[in-house]
Amino acid sequence: MSEKKEIVLSGIRSTGNLHLGNYFGALRKFVAIQDNYDCNFFVADLHALTTSPDPEALHANVKNIIAEYLAAGLDPEKSTIFIQSDVPEISEMYLLLNMHVGIGELMRTASFKDKARKALGLGSAADNESEEAFEKEIIGAETNKRVNAGLLTYPTLMAVDILIQKATKVPVGKDQLQHLELTRRFARRFNNFYGVDLFPEPTDFDFGGAPVKVPGLDGSGKMGKSEGNCIYLIDEPKALRKKVMRAVTDEGPQAPDSPMSEPVANLFSLLELTSAPEVVESFRKSYADCSIRYGDLKKQLAEDILAITTPIRERVADILADDAYIANVVRRGAEKARERAAATLSEMRHIMGIRKF
Ligand code: TRP
C-alpha cells in the first residue's frame with residue numbers, strides 16, 4: 001500500500017558555489033527528507049540569467065551546483081535532480097501565467113525593488129524616497145542601465161517552477177517567503193478565474209525547530225554570496241583556515257558575564273552548528289570568565305568546519321571529473337520533471353482555450 005508522498009520542490013540560483021549557509025539552511029535538511037517526500041531539487045539557471053548573463057560562468061556554475069548537490073548527499077535514486085532550462089515546459093507556462101500577473105504587484109515585490117535599485121546603481125532603499133520617484137527612475141532609465149523585464153517577472157517564473165510540478169511543500173529561506181505568497185496568490189487567481197482546481201496552494205516546508213541561523217564572518221548579518229562573507233563547501237583547507245582566522249571579533253570580554261557583541265555571538269553560532277556541545281560549552285565558560293582567546297576559538301572552529309566540508313569537497317572533485325555521470329543524472333532528472341510538467345502545461349493550455357482543431 002503506497003501512500004502518495006507529498007511533493008516537495010526547491011531550487012537554487014546558479015550564481016556561485018554553495019556555502020555553509022546553503023548547507024545548514026537547506027542542503028542538509030533536503031538530504032534528511034529524501035525518503036519521506038517526493039523530492040524535487042533543481043538548479044534555477046533561468047533565474048540566474050536575470051542578474052548574471054555571462055555564458056561561461058553560467059554553464060560552470062550549473063555544473064558546480066549539481067556536483068555540490070550530489071556531493072552533499074542528494075541522491076538521484078531518491079530525488080528528482082534537474083536543471084530548470086532542461087524543462088522547456090517551464091518557459092511556456094511562464095508566458096501563459098504572465099497573462100494573469102499584474103506589473104504593479106511585481107513592481108512592489110521587495111526582491112524586485114532591491115535588484116532594480118542595484119541595476120540602476122541607486123544604492124539601498126534606506127532613504128525613504130517615494131514609490132513614484134522609484135518608478136520614474138525605472139521608466140526613465142537609460143537603456144544601458146535598464147532593469148530587465150526578466151527581473152520584474154522573476155516571481156512568475158518561480159511560481160511556475162512550483163505550480164508546474166504541483167508541489168505543495170516548498171523549503172525556502174525567509175527572503176523567499178514573499179515569492180511563495182505570490183505563488184499562492186497566482187494559483188488561487190488562476191483557479192478562480194477559470195473555475196478550476198488545477199493548482200494546489202503551496203506552503204513553506206516546516207522543518208520544525210528554530211530556523212537555523214548561519215552568520216557570515218564579517219561581524220554582522222547572515223552568510224550570503226552577495227555579502228562576500230562566505231565559507232564555501234569547496235574552500236581549500238588553507239584558504240578556509242585563513243578566512244576563519246580573519247573573522248571579525250572585538251577586544252574581548254572586559255568583565256565577567258558580559259553580553260556578547262554581534263561578531264562574537266556570530267562565531268558562537270557557527271561553533272554551535274559545527275562543533276561538539278562540550279566544545280561550545282567550554283568556550284562559553286571561558287568567555288564568561290574572560291579567559292577566552294579568540295584565536296583558539298577560531299582554530300577550533302576552522303577544524304570543525306573542515307571536518308564537515310572536507311568529504312564534500314573531495315566528492316565534488318570526483319564528480320566534476322565525471323562528465324558522463326553528471327550528464328546521466330540531469331538527463332534522468334529532466335525526464336522525470338518533464339513528465340509532470342508536460343501534464344500540467346497541457347491541462348493549463350486546454351483550460352485557457354489553447355486547443356487543437
Ligand atoms: N528564488 C529562489 C532563490 O533565490 C530560487 C528558486 C527559483 C526557487 N525557483 C524556485 C526556490 C522554486 C524554491 C522553489 O533562493
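Both counts, for ligands and for their atoms, begin at 1 and track the order of listing.
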Quiz item: cation-pi between Lys115 and Tyr154, 6.0 Å / 45° = yes
query = Would you say Asp161 has any N or O atom under 3.5 Å from an N or O of ligand 1, going by distance alone?
reply = yes
ask   = Any N or O on Tyr154 sitting closer than 3.5 Å to an N or O of ligand 1?
value = yes
task = Specify the closest pair of heavy atoms between Thr80 and Gly333, including all atoms of both residues, with the distance to one decimal.
result = CG2-O, 3.4 Å
State plainly whether the residues [X] and [Y] are in salt-bridge range, i.e. N to O under 4.0 Å.
X	Y	result
Glu181	Arg185	no
Glu272	Arg284	yes
Lys242	Glu236	no

note = When distances are taken from atom 2 (C) of ligand 1, the protein heavy atom at minimum range is Gln176 OE1, 3.3 Å
ask   = Tell me: protein heavy atom nearest atom 5 (C) of ligand 1, and distance?
value = Gly11 O, 3.5 Å
inquiry  = Below a 4.0 angstrom heavy-atom separation, can you tell me which part of Asp175, side chain or backbone, both or neither, approaches ligand 1?
reply    =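 No part of Asp175 comes within reach of ligand 1.
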message = Under 4.0 Å, heavy-atom basis, I'd like to know which part of Phe41 is in contact with ligand 1: side chain, backbone, both or neither.
response = neither
ask   = To the nearest 0.5 Å, how far apart are CE in Met348 and CZ in Phe190?
value = 4.5 Å
Under 4.0 Å from a heavy atom of [X]: give me the atoms of ligand 1 that qualify, with their elements.
X	answer
Arg13	4 (O)
Val170	13 (C), 14 (C)
Leu9	12 (C), 14 (C)
His47	7 (C), 9 (N)

message = Is it the case that atom CZ in Arg331 sees more than 12 heavy atoms from other parts of the structure closer than 6.0 Å?
response =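 Counting neighbours around CZ of Arg331, more than 12 heavy atoms of other residues, nucleotides or ligands fall under 6.0 Å, so yes.
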